[in-house]
Enquirer: 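Below you will find the structure I want to go over with you.
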Number of protein chains: 2
Amino acid sequence: MSDDSRDLSRRERQIMDLLFRVGRATAAEVREGLPDAPSYSAVRALLRILEQKGHVRHEEEGRAYVFLPVVRRDAARQTALSHLLKTFFDNSAEQAVAALLAIKGEKMSEAELDRMSRLIDAAKKEGR
Amino acid sequence: MSDDSRDLSRRERQIMDLLFRVGRATAAEVREGLPDAPSYSAVRALLRILEQKGHVRHEEEGRAYVFLPVVRRDAARQTALSHLLKTFFDNSAEQAVAALLAIKGEKMSEAELDRMSRLIDAAKKEGR
DNA sequence: TAGCATGTGCTAGAATTTTAGCAATAGTGA
DNA sequence: TCACTATTGCTAAAATTCTAGCACATGCTA
């Protein structure tokens, strides 16, 4: 099982992104979340393929299958974040934070910014 | 031209990521950077398609073409970062910073952490 | 109960992506 | 000069992805 999202085809990636975002979903819910959604049976076929590839598993709820990523969200987000840093930020966390604040800074509460400051302070203390 | 990377096929995405990372590259350089690299002519064919789709353009250096993304890295990274926040962090910058520090915090210099603190302080001031 | 909605497994074909080869040309080094 | 390497434009076929339909089953409602 490769957890490298760069190995995913276009639709596979759309579906994995959606599952990571919402955590778990029926085929119908997956379909609703897809851009240019194909038919219900097309979505199921894709989910079956993702399951065969080991990216997705399903649980039964009543008679419906609910699909969820095999890789936990925590792990997936670290991988994705590392890849983003490498691709767009020359592996610099500082640059990423600057970009983050450029996008979100105006909309963040002071309390939220304070909590972020404290995270950084904690990292400073651990660095010693 | 759609700048949504979720519309890209597997190879297209690998190539775009590489071009964003290094900025510009010849077909041979692109090929060297690809996982499970196909032949030189396969890479060129993919680059030609990416150019036709408007994601990539080329400049001539001597007789060689150098390829670069049409979208500037600044813009691409904001898009990618926004998508990452949405997919994996419930749109929370704070969560993203926490994950970032979890990955990179131990390896960051105190000076770097200070600069990050100052970015956050600046965002606080602008928020008023 | 019948009909509709919603679900599954499966299949196959359409569509797209990926691949590499050919022909021609230019550059380089022995 | 010649042989090799590196480049381009182009083409077509192989491979993969994407799509939807069928048959069957279950659940719900009028």
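Every value quoted in this text rests on a predicted model; they were computed, and no experiment measured them. First the proteins, then the strands, lettered A, B, ... as listed; each starts at 1.
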Enquirer: Under 3.5 Å, side chain of B/Arg31 to main-chain N/O of B/Pro38, donor-acceptor pair present?
Expert: yes

Enquirer: Any chance you could measure A/Ile15, atom CD1, to A/Leu47, atom CG, to the nearest 0.5 Å?
Expert: 5.0 Å

Enquirer: Do B/Phe67 and B/Leu34 sit in the same hydrophobic cluster, where Ile, Leu, Val, Met, Phe, Trp and Tyr count as joined when their side-chain heavy atoms come under 4.5 Å apart?
Expert: yes

Enquirer: In whole angstrom, give the distance that lies between atom CG of A/Asp7 and atom P of C/dT18.
Expert: 12 Å

Enquirer: Need to verify one output field. Residue with the more 5' nearest nucleotide on DNA chain C, A/Ala45 or A/Arg10?
Expert: A/Ala45

Enquirer: Does A/Asp36 CG have over 12 foreign heavy atoms under 6.0 Å away?
Expert: no

Enquirer: Taking any heavy-atom pair under 4.0 Å as a contact, classify A/Ala27: base, sugar-phosphate, or nothing.
Expert: nothing

Enquirer: Which listed nucleotide (D/dT19, C/dG21, C/dT18) is nearest to the side chain of B/Arg44?
Expert: C/dG21

Enquirer: Among the candidates D/dG9, C/dT8, C/dT18, find the nucleotide nearest to the side-chain atoms of B/Ser9.
Expert: C/dT18

Enquirer: Just call it for A/Ile49: base, sugar-phosphate, or nothing, with non-hydrogen atoms closer than 4.0 Å on any strand.
Expert: nothing

Enquirer: Write down the distance between CZ (A/Arg48) and C1' (D/dA20), rounded to a whole number of angstrom.
Expert: 12 Å

Enquirer: Using whole Å, what does the distance between atom C1' of nucleotide D/dT19 and atom CG of A/Leu50 come to?
Expert: 15 Å

Enquirer: Output the single nucleotide from D/dA25, C/dT25, D/dG9 whose closest atom is nearest the side chain of A/Arg63.
Expert: D/dA25

Enquirer: Provide, to the nearest angstrom, the distance between the CG atom belonging to A/Asp36 and the C1' atom belonging to D/dT19.
Expert: 13 Å

Enquirer: Rounded to whole Å, how long is the line connecting atom CG of A/Leu34 with atom C1' of D/dT17?
Expert: 14 Å

Enquirer: When you get a sec, tell me which of C/dG7, D/dT11, D/dA20 is the closest nucleotide to the side chain of A/Ala64?
Expert: C/dG7

Enquirer: Looking only at the side chain of B/Leu46 (C-beta and beyond, no hydrogens), which of the listed nucleotides C/dT19, D/dC18, D/dA20 gets closest?
Expert: C/dT19

Enquirer: Heavy atoms from C-beta onward define the side chain here; which of C/dA20, D/dT19, D/dT7 lies closest to that of B/Ser39?
Expert: C/dA20

Enquirer: With the side chain counted from C-beta on, respond yes when A/His58 and A/Val66 share a heavy-atom pair under 4.5 Å apart, and no when they do not.
Expert: no

Enquirer: Separation of A/Gln14 atom CD from D/dT17 atom C1', in whole Å?
Expert: 12 Å

Enquirer: Heavy atoms from C-beta onward define the side chain here; which of C/dG21, C/dG9, D/dT11 lies closest to that of B/Ser41?
Expert: C/dG21

Enquirer: Is the distance from OP1 or OP2 of C/dT19 to the nearest side-chain N or O of B/Arg11 less than 4.0 Å?
Expert: yes

Enquirer: Could you give the CD-to-P distance, from A/Glu12 to C/dT16, as a whole number of Å?
Expert: 17 Å

Enquirer: Which listed nucleotide (C/dT8, C/dT11, D/dT11) is nearest to the side chain of A/Tyr65?
Expert: C/dT8

Enquirer: State which of C/dT19, C/dG9, C/dG7 makes the closest approach to the side chain of A/Tyr40.
Expert: C/dG7

Enquirer: Provide, to the nearest angstrom, the distance between the CD atom belonging to B/Glu60 and the P atom belonging to C/dG27.
Expert: 12 Å

Enquirer: Of the nucleotides C/dT18, C/dG9, D/dT17, which one has an atom closest to the side chain of A/Lys53?
Expert: D/dT17

Enquirer: Heavy atoms only: give me the nearest B/Asn91-B/Ser82 pair and the separation to one decimal.
Expert: OD1-O, 4.4 Å

